[in-house]
Amino acid sequence: MEQLDRYREQLKVCDEKILQGLLERNRVVEEIMACKEKNGMKILQPDQEARQEAWLEEALKGCRHQEEVRAVFDRIHWGSKRIQARKLFSYNIVLIGFMGAGKSTISEYLNTLFAMDVVEMDQLIAQREGMSIADIFEVYGEEYFRNLETALLVELQERENVVISCGGGTPLRECNVREMKRNGRVVLLTASPETILERVKDSHERPLIENHKTVDYIEQLMEKRREKYEAAADVVIHTDGKDALEICEELVSRLRGLDRER
Ligand code: S3P
């Protein structure tokens, strides 16, 4: 049994090393953030993540328990992303914009880059109601759906440091915009009607345009909404011709700029 005690002692030493290593690593993550900010560098550097992965791959060659170790490193990297996100944004990021403007794509990308939790309003509403958005419109009508959106936004004010991906019509109600701004910064994503049509043409989940998938119709509906969208926005980002990384870079730097002004 003395042997067992000795092993346990050894394990404790390992745990202490891991703990110290992790705490130090997290401190360095914060230093890196501060250094990037001070020198006006890009916060997002996905190449670096690829380099870290390549290093791990190499370092683990021939080792036992590769899968287990890899899972720990995944979690460590997830933690670093969260630390960065919390340092950057003490608030929620609320994405608004017309159908097909890229709200879901950018939310997903923010989740990959910063490990921020994402609330897809449409998806959550559909899940809770147990039916698709198209069916909710058909069975209960638009007003019912809009009330669900408002109630969900109110509920989401409890959360912090999450990305809220709104439905295209969410900012049309003033009370919704008030809720969004209570604990969040509102980012409007825009795209040309041609781009929107290209992005939505194969989906059948958007009852308001299901039978009107033309550039003219989209343009008219966009125009009707423009004023409200723009009034709600703290930041506007045009997405045409940009990839997700470029859009996220712009989003981060614009939000940081806003924070510095306030
Ligand atoms: C709507 C947009 C949809 C969905 C519903 C109504 C709108 O969301 O909420 O069909 O009024 O613009 P997406 O913008 O995610 O497509």
Side-chain angles (χ1 to χ4, degrees), residues 92-111 116-156 162-180 184 186-233 235-240 242 244 247-248 251:
N92 296 330
I93 298 179
V94 186
L95 297 179
I96 63 167
F98 201 79
M99 293 164 257
K103 298 169 300 243
S104 303
T105 308
I106 296 306
S107 302
E108 244 177 65
Y109 206 65
L110 285 171
N111 171 266
M116 288 173 85
D117 291 337
V118 173
V119 179
E120 267 290 339
M121 288 186 60
D122 278 353
Q123 209 175 306
L124 189 54
I125 289 174
Q127 187 189 322
R128 286 179 176 179
E129 292 293 296
M131 56 171 100
S132 69
I133 301 296
D135 287 346
I136 298 175
F137 268 66
E138 169 131 13
V139 176
Y140 299 113
E142 182 170 347
E143 187 69 9
Y144 176 84
F145 171 74
R146 298 295 176 203
N147 291 338
L148 292 176
E149 285 187 307
T150 302
L152 179 54
L153 268 180
V154 172
E155 181 189 322
L156 289 175
V162 293
V163 180
I164 302 176
S165 174
C166 296
T170 318
L172 302 179
R173 278 189 179 178
E174 262 173 45
C175 63
N176 289 355
V177 176
R178 272 200 304 278
E179 288 304 323
M180 293 173 191
V186 181
V187 177
L188 169 62
L189 301 178
T190 68
S192 68
E194 289 78 7
T195 304
I196 298 282
L197 179 62
E198 194 49 38
R199 291 179 186 161
V200 302
K201 66 180 193 316
D202 298 325
S203 134
H204 300 285
E205 263 308 303
R206 296 179 169 100
L208 294 182
I209 50 167
E210 182 55 20
N211 300 314
H212 314 279
K213 287 186 187 150
T214 64
V215 166
D216 277 353
Y217 187 86
I218 290 172
E219 193 163 20
Q220 276 173 35
L221 187 54
M222 261 178 155
E223 208 41 53
K224 262 196 218 153
R225 292 178 167 192
R226 182 190 303 279
E227 207 177 317
K228 289 202 166 142
Y229 279 165
E230 287 176 356
V235 164
V236 182
I237 298 181
H238 305 289
T239 65
D240 278 307
K242 297 176 188 160
I247 295 167
C248 287
L251 185 150

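Atoms within a ligand are numbered from 1 in the order they appear, just like the ligands themselves. Computed over heavy atoms, backbone and side chain alike; hydrogens, waters and symmetry mates excluded.
- Scored by the ring-ring contact (aromatic ring centres under 6.0 Å, His included) test, Tyr229 finds no partners at all (sequence neighbours excluded).
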Would you mind writing out a table of all protein N or O atoms found under 3.5 Å from any N or O atom of ligand 1, naming both atoms and giving the distance to 0.1 Å?
from: ligand 1; atom 1: 8 (O); to: Asp122; atom 2: OD2; distance (Å): 2.7
from: ligand 1; atom 1: 8 (O); to: Gly168; atom 2: N; distance (Å): 3.3
from: ligand 1; atom 1: 9 (O); to: Asp122; atom 2: OD1; distance (Å): 2.8
from: ligand 1; atom 1: 9 (O); to: Asp122; atom 2: OD2; distance (Å): 3.0
from: ligand 1; atom 1: 11 (O); to: Arg146; atom 2: NH2; distance (Å): 2.6
from: ligand 1; atom 1: 11 (O); to: Gly169; atom 2: N; distance (Å): 3.4
from: ligand 1; atom 1: 11 (O); to: Arg225; atom 2: NH2; distance (Å): 2.7
from: ligand 1; atom 1: 12 (O); to: Gly169; atom 2: N; distance (Å): 3.3
from: ligand 1; atom 1: 12 (O); to: Arg225; atom 2: NH1; distance (Å): 2.7
from: ligand 1; atom 1: 12 (O); to: Arg225; atom 2: NH2; distance (Å): 3.3
from: ligand 1; atom 1: 14 (O); to: Lys103; atom 2: NZ; distance (Å): 2.6
from: ligand 1; atom 1: 14 (O); to: Gly168; atom 2: N; distance (Å): 2.9
from: ligand 1; atom 1: 15 (O); to: Asp122; atom 2: OD2; distance (Å): 3.4
from: ligand 1; atom 1: 16 (O); to: Arg206; atom 2: NE; distance (Å): 2.6
from: ligand 1; atom 1: 16 (O); to: Arg206; atom 2: NH2; distance (Å): 3.4

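- Arg146 and Glu143 are not joined by a salt bridge, as no carboxylate oxygen comes within less than 4.0 angstrom of a charged side-chain nitrogen.
- The only option from Leu197, Ile196, Val200 that meets the side-chain contact (heavy atoms from CB on, under 4.5 Å) definition with Ile209 turns out to be Val200.
- A search for side-chain hydrogen bond (donor to acceptor under 3.5 Å, both in side chains) contacts involving Tyr109 returns nothing, not counting sequence neighbours.
- Ion pairing of Glu210 with Lys213 is present here, as a side-chain N (NZ or NE/NH1/NH2) and a carboxylate O approach within less than 4.0 Å.
- Looking at residues two or more places apart in sequence or on another chain, you find a side-chain contact (heavy atoms from CB on, under 4.5 Å) between Leu251 and Ile93, Leu95, Ile106, Leu110, Val187, Ile237, Leu255.
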